[in-house]
Protein chains: 2
Amino acid sequence: MNLKARRGAATRDQLIAIATRLFAEHGYEGASIEAVLQESGLSKGALYHHYAGKDALFEAVLESVEADAGAKIAEAVREIDDPAEALRTGVLTWIRLAGDPVIRRIVLIDAPSVLGWERWRALEERHAFGMLKAALHATGALPEDQVDLHAHVLLAGINEIALLVARSGDGGNAEAVVGELLRRLLRTG
Amino acid sequence: MNLKARRGAATRDQLIAIATRLFAEHGYEGASIEAVLQESGLSKGALYHHYAGKDALFEAVLESVEADAGAKIAEAVREIDDPAEALRTGVLTWIRLAGDPVIRRIVLIDAPSVLGWERWRALEERHAFGMLKAALHATGALPEDQVDLHAHVLLAGINEIALLVARSGDGGNAEAVVGELLRRLLRTG
DNA sequence: TAATTTTGCAGACCGACGGTCGGTATCCAA
DNA sequence: TTGGATACCGACCGTCGGTCTGCAAAATTA
């Protein structure tokens, strides 16, 4: 079970790569399965052998995109010891990554609508949201039972800022704004 | 120009009402134009005479839903003099309204994906976001040039809370959380 | 090595859907 | 009265997501 498995994995990778591009460019609705097949040179049978449907393909794309972003953030934070500083850097990295339409369109805009809020939340729990919660927890600035809620509010605010930054191109200002936002939300008082 | 105009308006109202229900129940993708026509007893010609396409119908639905919510919030705040208290009440009313799937699914989940972020923002500016900005401004708690940004972050956080409340059903806790959130975000320091 | 099963993939086919278009009836305005 | 605009009808079309049968090659078993 090796040659065939490798071929299958390669096919999946190819489909994910192409679908990621098309979903980011045209949105979920605007990107057609047939376009993915045409670009990949594969057949419908191949795609539906690996993915149950268009939404499953989208979910796989989302998973891959988030995993990628997560790795980059982990890398950016790797050598930072101070939890508060790590949190700040991680958030700013995330905002910078959201400059890429792949993140913006797929993760921030289309995902909740395509997967439904519940499935979307479950997936986020394993990625951006999970990381943020862990980082928040590490700072120790919040009571244990408030971490989850604050993470929600904070992530929502961060994502909104990311969209604003992407639109205005004013990346420089984001730093100050995020710093201020964190200070306000984390102040235990 | 009266009987015809009235008939047209009535037809539009009917389409909006039915489409609102179906969009809320099945989401934008899951709700078919044909289902709307079947329930209304109208023809395709009628619908496409009034609306340019499915997304235009959705936008009209969204407009109507937001206008409705806006009116309810305005009503809830009408006799409150203290701006800070009005802000708090308005926000809590909005969260309560988001208990309705019509608001949740259409406004909070599907809208950005269907309209695209830009068109969505422009529409929000005339409704929830506009009201919030005005309310924030009235409190005088923020420097003029920070109102817009804070309104974005605040609305994003509020909407997230609304979704959480809707899921957990824990409406009682929302009050305290929102109060705390407002206090933190508006504290000028 | 031979037989059998499983896996990866092909592509014809289908129903549903969003959207178009020519046509008709009714109302209003000149 | 008549010309044009408005509201609406419904047949038709292309596209899209999804299904199904079939097949060759690899893996497994005998």
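Within every chain, numbering begins at 1; the chains are lettered A, B, ... in the order of the sequence lines, protein sequences first and strands thereafter.
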A.B. asks: Looking for any heavy atom pair under 4.0 Å, which part of the strands does A/K54 touch: base, sugar-phosphate only, or nothing?
C.D. replies: sugar-phosphate
A.B. asks: Rounded off to whole Å, could you give me the NZ-to-P distance for the B/K44 and D/dC8 pair?
C.D. replies: 17 Å
A.B. asks: In whole angstrom, give the distance that lies between atom CZ of A/R6 and atom C1' of D/dA25.
C.D. replies: 18 Å
A.B. asks: Roughly, in whole Å, what's the span from CG in A/N2 to P in C/dT7?
C.D. replies: 15 Å
A.B. asks: Considering only NZ, NE, NH1 and NH2 on the basic side and carboxylate oxygens on the acidic side, decide whether B/E34 and B/K44 come within less than 4.0 Å.
C.D. replies: yes
A.B. asks: Whole angstrom is fine here: how far is it from OH in A/Y51 over to P in D/dT19?
C.D. replies: 17 Å
A.B. asks: Under 4.5 Å between any side-chain heavy atoms of B/K72 and B/E75, yes or no?
C.D. replies: no
A.B. asks: May I ask you to evaluate whether A/H49 reaches the phosphate of C/dC9, defined as a side-chain N or O under 4.0 Å from OP1 or OP2?
C.D. replies: no
A.B. asks: When the distance from OH of A/Y48 to C1' of C/dC13 is rounded to whole Å, what number comes out?
C.D. replies: 14 Å
A.B. asks: Answer with base, sugar-phosphate or nothing: what part of the nucleic acid does A/L42 contact at a heavy-atom distance below 4.0 Å?
C.D. replies: sugar-phosphate
A.B. asks: Before you tell me yes or no, could you show the steps for A/L97 and A/V102 under side chain to side chain contact (heavy atoms under 4.5 Å, CB included), namely the whole-Å CA-CA distance, both residues' side-chain angles and the distance that decides it to 0.1 Å?
C.D. replies: CA-CA 9 Å; A/L97 288 174; A/V102 167; over 6 Å; no
A.B. asks: Under the salt bridge (charged side-chain N to carboxylate O under 4.0 Å, His left out) test against A/K133, which residue among A/E125, A/E144, A/E124 passes?
C.D. replies: A/E125
A.B. asks: Using a 4.0 Å cut-off on heavy atoms, which residues in residues 15-35 of chain A reach DNA chain D? List them by number, or say none.
C.D. replies: A/A31, A/S32, A/I33, A/E34
A.B. asks: Less than 4.0 Å between a side-chain N and a carboxylate O, is that true for B/R105 and B/E25?
C.D. replies: no
A.B. asks: Can you check the A/Q38 CD to D/dT15 C1' distance for me, whole Å?
C.D. replies: 13 Å
A.B. asks: Starting from C1' on D/dC8, measure out to CZ on B/R12 and report it in whole angstrom.
C.D. replies: 13 Å
A.B. asks: Decide whether A/H152 and A/R121 meet the rule of one side-chain donor and one side-chain acceptor closer than 3.5 Å.
C.D. replies: yes
A.B. asks: Would you say C/dT7 has OP1 or OP2 under 4.0 Å from some side-chain N or O of A/H50?
C.D. replies: no
A.B. asks: Can you tell me the distance, in whole Å, between the CG atom of B/L47 and the P atom of C/dG19?
C.D. replies: 10 Å
A.B. asks: Step by step, would you call B/R126 with B/E63 a salt bridge (charged side-chain N to carboxylate O under 4.0 Å, His left out)?
C.D. replies: CA-CA 9 Å; B/R126 300 199 312 275; B/E63 188 83 34; 2.4 Å; yes
